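This report concerns only the one structure given below.
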Amino acid sequence: MAYWLVKSEPFKYSWDQFVKDKKTFWDGVRNYAARNNLKAMKKGEQVLYYHSNEGVEVVGIAEVAKEFYQDPTTAEEAWVVVDLKPVKKLKRSVPLTAIKADKRLADMALVKLSRLSVQPVTEHEWNVIMELAGEQ
DNA sequence: GCCAACGTTGGC
DNA sequence: GCCAACGTTGGC
């Protein structure tokens, strides 16, 4: 069971819009590292939903509803999407500043590889985020 | 709006 | 195959 984190700019596709849609395909990934992470996602795995630029915080949890398939928005075979559905909004959003301030999260891809838009999250990191969010 | 970090492109 | 130039992302 792996954990993931996806980034979205809220003015482009916000958590609220995601909840309203009930499901979305995660398109627009045009980076090989991010693409490889999409391909590694398995149905049912949990995904942190992060708002970049505005908010700059983890706002909710999503779940992989369908494993990767050809990106319907491009003819280029290199690119894929996955389907995601919302699970729940976090009790408290976890801002990047809180993540950076927590020593246990110093190695998170979010901190180290800030430009990667789809990234793996370790179980340990996941648990710390849940704690900071007031969950569990 | 600025700028650092990083990925990609293209000339050699 | 190297590396400089360029474009994009994303935090501040």
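Lettering follows sequence order; numbering is per chain, from 1. Since we're looking at a predicted model, the values are computed, not measured.
For A/K12 and C/dT9, the shortest distance from a side-chain N or O to OP1 or OP2 is not below 4.0 Å. Within the structure, a side-chain polar atom (N or O) of A/K7 is placed less than 4.0 Å from OP1 or OP2 of C/dG10. Phosphate proximity of C/dG11 to A/Y50: present, with a side-chain N or O under 4.0 Å from OP1 or OP2.
Following rounding to the nearest Å, A/E57 (CD) and C/dG10 (C1') show an atom-to-atom distance of 15 Å. Rounded to whole Å, the distance from CE on A/M108 to P on C/dG10 is 14 Å. The separation between A/N53 atom CG and C/dT9 atom P is 10 Å, rounded to whole Å. If you take CD of A/Q119 and C1' of C/dG10, they are 12 Å apart, rounded to a whole angstrom. One interatomic measurement links the two molecules: CG of A/L116 to P of C/dG11, which rounds to 12 Å at whole-angstrom precision. Computed from coordinates, the A/N31 CG to C/dG7 P distance equals 18 Å when rounded to whole Å. Distance OH (A/Y32) to C1' (B/dG7): 11 Å, rounded to an integer number of Å. Between the P atom of C/dT9 and the CG atom of A/L5 lies a distance of 17 Å, rounded to the nearest Å.
Ion pairing between a basic and an acidic side chain is recognised when a charged N comes within 4.0 Å of a carboxylate O; A/D71 and A/R35 show no such pairing.
For the atom pair A/D21 CG and A/K85 NZ, the distance stands at 15.0 Å (nearest 0.5 Å). Taken from CD in A/Q46 to NZ in A/K88, the straight-line distance is 10.5 Å, to the nearest 0.5 Å.
As judged by a 4.0 angstrom heavy-atom cut-off over every strand, A/L96 is placed among residues touching the sugar-phosphate backbone only.
Defined by atom type and a distance below 3.5 Å, a donor-acceptor pair is present between the side-chain atoms of A/E125 and A/T122.
For A/R115, counting side-chain heavy atoms from C-beta on, the closest listed nucleotide (C/dG7, B/dT8, C/dC12) is C/dG7.
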